[in-house]
Participant: 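Before I ask anything, here is the structure I am working with.
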Amino acid sequence: MTTNAPLIMRIMALSINTAKRAGVIIRDVLKQGDLGIVDKGKNDPQTEADRSAQRCIIASLAKKFPSIKIIGEEGGSDLNVCDEWLVGELDETFLKQDCPADWRDAKPEDFVIWVDPLDGTAEYTQGFVEHVTVLIGIAIKNSAVGGIIHQPFYQQSSGELGRTIWGLKGLGTGGFTAVKPPANEFIITTTRSHSNALHQKAVDVFNASKVLKVGGAGFKVLQLLEGKAHAYVFATPGCKKWDTCAPEAVLEASGGTLTNINGEHYEYHENVEHVNGRGVLASVGNNHQELVEKIPLEVRQAVGTKQT
Ligand SMILES: Nc1ncnc2c1ncn2[C@@H]1O[C@H](COP(=O)(O)O)[C@@H](OP(=O)(O)O)[C@H]1O
Ligand SMILES: [Mg+2]
Ligand SMILES: [Mg+2]
Ligand SMILES: [Mg+2]
């Protein structure tokens, strides 16, 4: 059964277990105390947790799926990892589900896996650990189709630490309960560490009843899915394909929408520019285009320079 399942189902099932393993590494690095922070650029830190979690994820996926293209935020990693970091077991509960017909025949060359081993690194280093997620996004023929969002520091009511959310277009989502945001309010979720004047102008036009400033693309999309916010607005370049691939797939598998601020979907093929040049607009209602049009055209045109 396991070995006969379509490729997308096996990739999703291994990604679920690999994201959980990466979550353990992220908790362990914090516990041990030395984060090993390196600055990759302005407001762009990398820690030992980012590096180690990426090695664990990419080594595990590459071993099982050697012909599939995998792109990770932290660049080329040493894939010679200890056995403890090599995850080979697939999530059997996920595999029991039927593969949507659209993806059943997808071939290895149709896939690109986008890995953000630790989304919300700035927040991780500052102690806002609940904003941290592990993101594994699966693209088929340019589109974000499947995604895993793992929260290493989520406290379950059972006492267990961590939870894993998945979404596959055509199948649905798992690992959480979707909640609609309040009908009589308009709440925006946005960056807490990468704002600028133009971005602020776009947020202001919505005249929102509340603006939540939190870290990470994964955590912001979870806020939409859990009814804490109506829209995710990021009107500046800066986040990358590995930030949006998994969140886009999970959100859209649940009926929401994630695009650039002009309402266009990003592409996720292996040669695409990594930066999401025209920002991010995500929403859970059925008024995505109305939200796009609320942002004045001159603001939208000023964000970024390239269509990616
Ligand atoms: N100006 C910028 N420079 C570098 N990274 C940026 C950025 N703007 C956004 N990002 C990245 O996009 C993700 C979400 O950002 P934010 O929390 O500000 O919304 C973070 O991912 P990582 O934490 O994985 O690096 C962050 O680093
Ligand atoms: Mg980073
Ligand atoms: Mg990220
Ligand atoms: Mg990251």
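Start at 1 and go down the list; that is how both ligands and their atoms are numbered.
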Participant: Please identify each residue that fulfils salt bridge (Lys or Arg N to Asp or Glu O under 4.0 Å) with Asp78, with sequence neighbours left out.
Facilitator: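 Asp78 satisfies salt bridge (Lys or Arg N to Asp or Glu O under 4.0 Å) with Arg55 once adjacent residues are dropped.
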Participant: List the atom of Ala19, the atom of Ile148, and the distance in Å for their closest heavy-atom pair.
Facilitator: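 Taking every non-hydrogen atom into account, CB-CG2, 3.9 Å.
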Participant: Only one of Tyr266, Tyr268, Trp114 forms a ring pair (Phe, Tyr, Trp, His ring centres under 6.0 Å) with His274, so which one is it?
Facilitator: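 Result for ring pair (Phe, Tyr, Trp, His ring centres under 6.0 Å) with His274: Trp114.
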Participant: With heavy atoms of Ser193 as the reference, note each atom of ligand 1 found under 4.0 Å away.
Facilitator: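 This gives 18 (O) as the contact atoms.
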Participant: For Thr121, which part has a heavy atom under 4.0 Å from ligand 1: side chain, backbone, both, or neither?
Facilitator: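 Looking at Thr121 and ligand 1, atoms from backbone and side chain both fall under 4.0 Å.
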Participant: Which atom name would you report as the N, O or S atom of Asp243 nearest the Mg ion (ligand 3)?
Facilitator: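 Relative to the Mg ion (ligand 3), the closest nitrogen, oxygen or sulfur of Asp243 carries the name OD1.
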Participant: Identify each donor-acceptor pair in which a side-chain atom of residues 197-204 lies under 3.5 Å from a protein atom, sequence neighbours left out, and give them as a table.
Facilitator:
| unit_1 | atom_1 | unit_2 | atom_2 | d |
| --- | --- | --- | --- | --- |
| His199 | ND1 | Ala235 | N | 3.0 |
| His199 | NE2 | Thr190 | OG1 | 2.9 |
| Gln200 | NE2 | Asp204 | OD1 | 2.9 |

Participant: For atom 19 (O) of ligand 1, what's the nearest protein heavy atom and its distance?
Facilitator: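 So the nearest neighbour among protein heavy atoms is Lys220 NZ, 2.6 Å.
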Participant: Which residue holds the protein heavy atom closest to atom 13 (C) of ligand 1, what is that atom called, and what is the gap in Å?
Facilitator: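 Here the nearest protein heavy atom works out to Asp243 OD1, 3.4 Å.
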Participant: Flag yes if Ile136 and Leu86 sit in one hydrophobic cluster, no otherwise; membership is Ile, Leu, Val, Met, Phe, Trp, Tyr, and two members link when side-chain heavy atoms are under 4.5 Å apart.
Facilitator: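 Yes, it is one cluster - the side chains of Ile136 and Leu86 are joined through contacts under 4.5 Å.
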Participant: Which atoms from ligand 1 have a heavy atom of Gly215 less than 4.0 Å away?
Facilitator: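 Counting from 1, the qualifying ligand atoms are 17 (O).
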Participant: Taking atom 23 (O) of ligand 1 as the point of reference, which of Gly279, Gly120, Ala217, Pro247 owns the nearest heavy atom?
Facilitator: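 Among Gly279, Gly120, Ala217, Pro247, the closest heavy atom to atom 23 (O) of ligand 1 comes from Gly120.
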Participant: Students should be able to answer this: which protein heavy-atom is nearest to atom 7 (C) of ligand 1, and at what distance?
Facilitator: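 Minimum-distance protein heavy atom for atom 7 (C) of ligand 1 reads His194 CD2, 3.3 Å.
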Participant: Just to verify, which of Gln223, Lys228, His230 counts as forming a side chain to side chain donor-acceptor pair (under 3.5 Å) with Thr189?
Facilitator: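 The residue from Gln223, Lys228, His230 that satisfies side chain to side chain donor-acceptor pair (under 3.5 Å) with Thr189 turns out to be Gln223.
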Participant: Using a 4.0 Å heavy-atom cut-off, say whether Trp242 meets ligand 1 through its side chain, its backbone, both or neither.
Facilitator: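 Under 4.0 Å from ligand 1, Trp242 contributes no heavy atoms.
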Participant: Can you check the number of protein N/O/S atoms within less than 2.8 Å of the Mg ion (ligand 2)?
Facilitator: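 N, O or S atoms of the protein closer than 2.8 Å: 1.
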Participant: Looking at non-hydrogen atoms alone, which of Glu73, Lys42, Lys40 comes nearest to atom 25 (O) of ligand 1?
Facilitator: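 When every heavy atom of Glu73, Lys42, Lys40 is considered, Glu73 comes closest to atom 25 (O) of ligand 1.
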Participant: Starting from atom 17 (O) of ligand 1, locate the nearest protein heavy atom and write down its residue, its atom name and how far away it is, to 0.1 Å.
Facilitator: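 Going atom by atom, the protein heavy atom closest to atom 17 (O) of ligand 1 ends up being Gly216 N, 2.6 Å.
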Participant: Can you tell me the protein heavy atom closest to atom 6 (C) of ligand 1 and the distance?
Facilitator: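 Answer for atom 6 (C) of ligand 1: Gly238 O, 3.3 Å.
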Participant: Quick check on contacts: which atoms of ligand 1 are under 4.0 angstrom from a heavy atom of Lys240?
Facilitator: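 Counting from 1, the qualifying ligand atoms are 4 (C), 5 (N).
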Participant: Taking atom CD of Gln289 as the centre, does the number of heavy atoms from other residues, nucleotides or ligands within less than 6.0 Å exceed 12?
Facilitator: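 Atom CD in Gln289 is packed in, count exceeds 12.
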Participant: Give me the residue, atom name and distance of the protein heavy atom closest to atom 20 (C) of ligand 1.
Facilitator: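 Checking every protein heavy atom, the shortest distance to atom 20 (C) of ligand 1 gives Asp119 OD1, 3.8 Å.
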Participant: Which of the atoms of ligand 1 are close to Phe234, meaning less than 4.0 Å from one of its heavy atoms?
Facilitator: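 The list of qualifying atoms is 8 (N), 9 (C).
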Participant: Would you sort out whether Glu123 and Arg192 count as a salt bridge (charged side-chain N to carboxylate O under 4.0 Å, His left out), showing the intermediate values?
Facilitator: CA-CA 9 Å; Glu123 286 69 26; Arg192 62 176 285 284; 2.9 Å; yes
Participant: Tell me whether ligand 1 is touched by Leu118 - counting only heavy atoms on the residue side and a distance under 4.0 Å.
Facilitator: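 Contact present.
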Participant: Of all the non-hydrogen atoms in the protein, which one sits nearest to atom 12 (O) of ligand 1, and at what distance?
Facilitator: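 Here the nearest protein heavy atom works out to Cys239 CB, 3.2 Å.
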Participant: Any idea which atoms of ligand 1 are less than 4.0 Å away from a heavy-atom of Asp116?
Facilitator: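 Counting from 1, the qualifying ligand atoms are 24 (O).
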Participant: Taking all atoms of both residues into account, what is the closest heavy-atom pair of Ile138 and Ile8, and its distance?
Facilitator: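 That closest heavy-atom pairing would be CG2-CD1, 3.6 Å.
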Participant: Do Val205 and Val299 touch side chain to side chain, with heavy atoms closer than 4.5 Å?
Facilitator: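 No - every pair of side-chain heavy atoms lies 4.5 Å or more apart.
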Participant: A quick test of your reading: do over 12 heavy atoms of other residues, nucleotides or ligands sit less than 6.0 Å from NZ of Lys210?
Facilitator: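 Check fails, neighbour count at 12 or below.
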Participant: Suppose we screen for side-chain contact (heavy atoms from CB on, under 4.5 Å). Which residues come up paired with Glu270, at least two apart in sequence or across chains?
Facilitator: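 So Glu270 forms a side-chain contact (heavy atoms from CB on, under 4.5 Å) with Lys69, Ile71, Val112.
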Participant: Is Lys240 salt-bridged to Asp243, going by a charged N under 4.0 Å from an acidic O?
Facilitator: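 No, this pair does not count.
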Participant: Hey, are the side chains of Gln54 and Gln46 touching, using non-hydrogen atoms and a 4.5 Å cut-off?
Facilitator: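 Answer no - side chains too far apart.
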Participant: So does Gln156 have more than 12 non-hydrogen atoms from other groups sitting under 6.0 Å from CD?
Facilitator: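 Buried by this count: over 12 neighbours within 6.0 Å.
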